[in-house]
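Residue numbers begin at 1 in each chain, while the letters A, B, ... track the order of the sequences. No experiment lies behind these values; they were computed from the predicted model shown.
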Protein chains: 2
Amino acid sequence: MAHTLEEIAKLAGVSRSTVSRVINDHPNVRPEVRERVWQVIREVGYQPHAAARSLATNRTQVLGLIIPQAVTTLFTDPFFPHLIQGMAEACNAHRYHLMLSLFTGRTDQESLYRRVLRSGTLDGVVVASTTLDDPLIPRLLQEKLPFVSVGRHREAAVSYVDVDNVAGARQAVEHLLRQGHRRIATVTGPLAMMAGRDRLEGYRQALEARGVPVDDALIAEGDFTEEGGRMAMQRLLPHRPTAVFVASDTMAVGAMKAIKEAGLRIPEDVAVVGFDDLPVASIVEPALTTVRQPIERLGATAVEVLIGLIEQQAEAPQHIILPTQLVIRASCGALSGSRGLE
Amino acid sequence: MAHTLEEIAKLAGVSRSTVSRVINDHPNVRPEVRERVWQVIREVGYQPHAAARSLATNRTQVLGLIIPQAVTTLFTDPFFPHLIQGMAEACNAHRYHLMLSLFTGRTDQESLYRRVLRSGTLDGVVVASTTLDDPLIPRLLQEKLPFVSVGRHREAAVSYVDVDNVAGARQAVEHLLRQGHRRIATVTGPLAMMAGRDRLEGYRQALEARGVPVDDALIAEGDFTEEGGRMAMQRLLPHRPTAVFVASDTMAVGAMKAIKEAGLRIPEDVAVVGFDDLPVASIVEPALTTVRQPIERLGATAVEVLIGLIEQQAEAPQHIILPTQLVIRASCGALSGSRGLE
DNA sequence: TTGTAAGCGTTATCAT
DNA sequence: ATGATAACGCTTACAA
């Protein structure tokens, strides 16, 4: 069933090295010989043994996606499936494989780190949604394993791929300002994550550009979960915002619940804008105005950058920022124009 | 940086074989020697080279999750993230790794099959949501690679883990019958999938047990997508059902849209029950009554069964069915009791 | 252009 | 209880 180079060689009447050359597309093989060898390979359905090859070349053709402990609960967020889908497509296209390492609750971190990072199983790693001080990053830097972060990182040496969170948030808030809103609140993401900080920064920039003072009472930190969004919104409501920019759609769903529970209408009493454009954004009522980010492209790009690093077509650090796009639906009040504030 | 057995041996003043024995917990090593070797290993942070080990043992400690082409669009369904989470946890617990193979659109199927199944990279495979005639199954059978299907399969030789779709659907429909409904429609899953068929079978059984005739006009096939659910419901509405059992929550969201678009109320005019208990079930309005399935446990169980097969603690085929649970919310009208039909 | 042979880092068999 | 030594299946100088 499982053949070896040696057998193919015998069947084709050549030596092991010649078969190897054929398989690896080396020059210096007579065309007729090459063809004969391929013939045999196809006939018997030969497939090189990955481990043996990897032992000889010190390459595995396997990339890892590492999602740190803290976010495994968030794995239910559609962000990750999209990211993975993008990564998987890019991997397939480049003939790499994708290994998934979720640092789940009871896992012994250290042993998993070692098994994953030091056993030579991975040619490179994509890390997603780390916190700013995640110990994984220095660790990776020190292992000298090629890696790319999905999400900006302050450490200059880190290669990353990200969307333009600052600009996206700024657009969202500018849109609300254009509607005439002045008391605009925000539910931020975790400020321990760059995405959380960047979206808050975009909020600030938009207000300041318009000369609207930033009021700390109108800023509440969330944790990217629905329940977190709901609780943050409850803290904001007493300060009477007329609009709120929520840093993720999932949190926005929670925020909308809080608003409705308080007996207020969306968008008449409080306009809402989210971030992500997840499917849920068009399911909720009213449909959610939000900032769309190209998550699959983010994943594909991360893989491509990583492969570039591995195959040394590029040097670390690589920094790539993808654009976002404001998607206007009913929750911001711009469609009905009913506020008449334009 | 990357040490070898040889180096550890030298540092500990023993032979390579002794170090190997220590690492693999073989008996016949003097306790003091064992301790000395571990000491060195810890000091230098040695980690065995996976490829070398795998070449010698013919084991990789890697399991594959294969999702066939047709469903990659469905990867956005929260079903997969949950499944993966369960699988990842089980893998971590048993010191296996998880490799993800999505058969994405433009992929060359055959070459990916070969690279994945015949290169010896995987000790075993979990396949998810195959269609009944998916060529992958016979292929796997023939490769003699241990594998487990998430989802029942008619081929007797196939090991599988599944939830009790028939009983779950039956419960759902029985619940509607108990509410007094008689014109109960159903939006099925794809009938090319076992889950689609089984849930339809449960629907049938419930009706027949009550002596309610099964009316084909009240059965419409969906495809597990929201839009598919909406379209199927549109076909059903002219036949005036007073209730509908939708074979997935995602489709139920679409069905609810269709009902509302037709100017009907839920549950007063049409009661709705879904299947899955995804997060969206509690987000829609009214909240969706649905059949909860233990998706993470499904994933974990699949991995455990697979490992049993690989390590030969069990013989194929293994068949495991997990129970479901009816979750009653507002969309079926049972909470308000407003239909007064009880 | 092709073949020979020496690794790659383990495990496993056999002596000792 | 420990140490040589031969695999495992491939790549890659080096020779021819």
Nearest whole angstrom, please: distance from the C1' of D:dC14 to the CG of A:Asn28. 14 Å
NE2 of A:His97 to CG of A:Leu63, rounded to nearest 0.5 Å, is 10.0 Å
Distance, nearest 0.5 Å, that separates CG of B:Leu65 from CZ of B:Phe80: 8.0 Å
Round to the nearest Å and state the distance from A:Arg16 atom CZ to C:dG3 atom C1'. 10 Å
Looking only at C:dG3, D:dG3, C:dG7, the nucleotide nearest the A:Val14 side chain is C:dG3
Which distance, rounded to the nearest 0.5 Å, do you find between the CD of A:Gln293 and the CG of A:Leu298? 7.0 Å
Just the table, please: protein N/O against nucleotides 13-16 of chain C N/O, every pair under 3.5 Å.
none

Could you tell me whether the phosphate oxygens of C:dG3, OP1 or OP2, come under 4.0 Å of any side-chain nitrogen or oxygen in A:Ser15? yes
Rounded at 0.5 Å granularity, tell me how far CD1 in A:Ile66 sits from CG in A:Leu100. 10.0 Å
Measuring from B:Ile41:CD1 to B:Gln39:CD, what's the distance to the nearest 0.5 Å? 10.5 Å
Rounded interatomic separation in angstrom, taking CZ from A:Arg36 and C1' from C:dT1: 13 Å
Short N-O contact, B:Glu110 and B:Arg139, less than 4.0 angstrom: yes
Ignoring the backbone of A:Val33, work out which of D:dG9, C:dT2, C:dT11 is nearest its side chain. C:dT2
I need the NZ-C1' distance between B:Lys10 and D:dG3, as an integer number of Å. 15 Å
Specify the separation, in whole Å, of atom CD of B:Glu6 and atom P of C:dG9. 10 Å
Side-chain N or O of A:Tyr46 versus OP1/OP2 of D:dG9: is the shortest distance under 4.0 Å? no
Would you tell me if any nitrogen or oxygen in the side chain of A:Arg30 comes within less than 4.0 Å of OP1 or OP2 on C:dT2? yes
side-chain N/O A:Ser20 vs D:dC10 OP1/OP2, d < 4.0 Å: no
If you only use heavy atoms from C-beta on, which nucleotide in C:dT2, D:dG9, D:dT2 is closest to the side chain of B:Val29? D:dT2
If you check the A:His49 side chain, which of C:dT11, D:dT11, D:dC10 turns out closest? D:dC10
Please determine if a side-chain N or O atom of A:Arg53 lies less than 4.0 Å away from the OP1 or OP2 oxygen of D:dT11. yes
D:dG9 P sits how many Å from A:Ile23 CD1, rounded? 14 Å
D:dC10 P sits how many Å from A:Ile41 CD1, rounded? 10 Å
Quick check for you: to the nearest 0.5 Å, what is the distance between B:Arg152 atom CZ and B:Thr130 atom OG1? 12.0 Å
In whole angstrom, give the distance that lies between atom CG of B:Leu5 and atom C1' of D:dA7. 15 Å
Side chains of A:Ser111 and B:Arg95: is there a donor and an acceptor less than 3.5 Å apart? yes
Residue met sooner reading DNA chain D from 5', once B:Leu55 and A:Ala56 are mapped to nucleotides: B:Leu55
Does a nitrogen or oxygen in the side chain of B:Asn58 sit under 4.0 Å from OP1 or OP2 of D:dC8? no
Phosphate OP1/OP2 of C:dT11: any B:Asn24 side-chain N/O under 4.0 Å: yes
